[in-house]
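Just so we're on the same page: letters track the sequence lines, and every chain starts at 1.
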Amino acid sequence: MHELSATRHIFEIVMAQAHLSEADSVDRINLVIGDFSNIVPDCVNVYWKELTKGSICENAEIHFDRRAVVFSCQQCQNTFELQGKLSICPNCGSDQISFLSGDEMLVESIEITKFEENS
Amino acid sequence: MTSINVPIIQNILQANDFVAEENRKIFSDHHIFCINIMAAPGAGKTALILKTIELLRGSVRIGVIEGDTASVTIDSDKVVLAGAPAVQVTTAGDCHMDAMMVRKGMEQLPLDELDLVIIENIGNLICPAEWDLGSHSNTLIASIAEGDDKPWKYPNIYRNLNAVVVTKTDLLPYVDFNLEHFSQGVNILNPDVDIFPTSAKTGAGLDLWTDWLLSQIEAASRA
Ligand SMILES: Nc1nc2c(ncn2[C@@H]2O[C@H](COP(=O)(O)OP(=O)(O)OP(=O)(O)O)[C@@H](O)[C@H]2O)c(=O)[nH]1
Ligand SMILES: [Mg+2]
Ligand SMILES: [Zn+2]
C-alpha cells in the first residue's frame, strides 16, 4: 500500500514546518487529496497513529479535503466528474475529453499550538 | 497559549520528486535514455525486456533495474543470463518503487557503459502512477489476457504515458480483446501516444517497438 510511504512524507513535511514555527503541538493537518491519488484516508489514519507516537503530532487530527476527478469535453465544453471509471462525455458522447483536476496530493496547512512565550 | 494556522501548500511527494529530478539529470549526463515499465503482475514485462535485449544486442547497451516486493532475484537472474547488467531493488513489501530505490539501483549499474536503462516496476495498476522515478519515459504494458477495459477501469495509471505495449497478441484467437475499445481509452488519456501490439512468443510487432526505442535513444543522445 502506498499510504505508508505517503504518510511518512506527510509526517516529514508537517514536522519540518512545526519545527520552523516553533510549535509545541500540532493539532490538525489539512490535506487536499484528489481521487486519482488513490489515497485511502482510513489507511493514512492508521499509519499516522503508528508513526507519530511520542511526537508533538500524536494528537493531531487529519482532515481530508477530497477532490473529484474532473474532465472537460473539447466538443461541447461540458465539464464532468468521473464516477470511478473513465467515460466519454456524458453530454455529447465525444471521446475528445481532457483531464482538468483530481490528482492533488497536498499538505495545505497545519494548525499548531504554542505555549506561553518566555520572552 | 496560542493556536495558529500555518499555510504550507506542499506536494506530499515533493521529496520523492526532488530525487527523481536528480536521477533524470544523472541519466541525461550519461546520455542514457531511461524508461519506466509499468504493468499488472504477469503482463509480460520481463519477457518484453528479454526480447528487447536480444533484438538490440550489438547496437544498444542496456542495463535493467528490477523492482520486486521481496528479495527474489528470478527476474534479474533472467536479465543477467540474457547478457545485460541488472540490479534488483526490493521495496520490502511496498507496492511501488520510489526515486530513492532507483537511485540505489543506478549506483550499482555501470552508467558510463550504457545507452538505455529499463526499470521494471512492481506489477501493480494502482500505486506506481504517483511516483516519479526519474525516467524519461513511462511505458505501460497491457496483456491481451487482462481484457480491453483496463484503461477504462484504471484511468490513473494510464495517464502521462509515452508508449503503450500490448503484449501476448498470439492469444488473440482465444480471448475477447477489442483493440479499438482499448485504444480509445488509452487515447482519451494520451491523445498522441504510440500503441505497439506485440508478442514476445512469436516476435510479432517487436520491430516497431524497438524502432521507437531506438528513435528515443537517439534523440536522448543528441540532447
Ligand atoms: N503467450 C504468450 N505468453 C507470454 C508472452 N509474454 C509473456 N508471456 C508469459 O506470461 C507469463 C508472465 O510473463 P513475465 O514476463 O514474467 O511477466 P511480468 O510482467 O514480468 O511478471 P511479474 O514481474 O511477475 O509481474 C510467463 O509465463 C510468460 O512466458 C507473450 O507474448 N505470449
Ligand atoms: Mg517480471
Ligand atoms: Zn461533450
Return the orientation label for the B:Trp131 and B:His96 ring planes: parallel under 30°, perpendicular over 60°, tilted otherwise.
parallel
Using non-hydrogen atoms and a 4.5 Å limit, figure out which bit of [X] sits close to chain A: side chain, backbone, both or neither.
{"X": "B:Pro151", "value": "backbone"}
{"X": "B:Glu130", "value": "side chain"}
{"X": "B:Leu189", "value": "side chain"}

Can you list the residues that meet the side chain to side chain contact (heavy atoms under 4.5 Å, CB included) rule with B:Gln88, with sequence neighbours excluded?
B:Glu66, B:Asp68, B:Thr73, B:Ser76, B:Thr90
Any donor-acceptor pair under 3.5 Å linking the side-chain atoms of A:Thr113 with those of A:Asp27?
yes
Strictly by modelled atom types, are B:Asn36 and B:Asn138 linked by a side-chain donor-acceptor pair under 3.5 Å?
yes
Filter on salt bridge (charged side-chain N to carboxylate O under 4.0 Å, His left out), then keep only pairs touching residues 179-200 of chain B, sequence neighbours left out; what's left?
none
Keeping to residues at least two apart or across chains, list the salt bridge (charged side-chain N to carboxylate O under 4.0 Å, His left out) pairs with something in residues 162-174 of chain B.
none
Most contacts with chain B, counted as non-hydrogen pairs under 4.5 angstrom, among [options]:
{"options": "A:Ile112, A:Asn38, A:Ile10", "result": "A:Ile112"}
{"options": "A:Ser25, A:Ala6, A:Ala18, A:Ala23", "result": "A:Ala6"}
{"options": "A:Gln17, A:Lys85, A:Arg28, A:Glu108", "result": "A:Glu108"}

Is a side-chain donor or acceptor of A:Glu58 paired with a backbone partner of A:Gly54 at a separation under 3.5 angstrom?
yes
Pull out the residues in residues 91-104 of chain A that come under 4.5 Å of chain B, heavy atom to heavy atom, sorted by number.
A:Asp95, A:Ile97, A:Phe99, A:Asp103
Is A:Ile33 in contact with chain B via its backbone, its side chain, both, or neither, using a 4.5 Å heavy-atom distance?
side chain
Using a cut-off of under 4.5 Å on heavy-atom pairs, state which of B:Pro155, B:Pro191, B:Ala15, B:Gly185 scores highest against chain A.
B:Pro155
Decide, yes or no, whether a salt bridge links B:Arg24 with B:Glu21 under the criterion of side-chain N to carboxylate O below 4.0 Å.
yes
Does a salt bridge link A:Asp35 with A:Arg66, judged by any charged N lying under 4.0 Å from a carboxylate O?
yes
Is the gap between the ring centers of B:Phe33 and B:Phe27 under 6.0 Å?
no
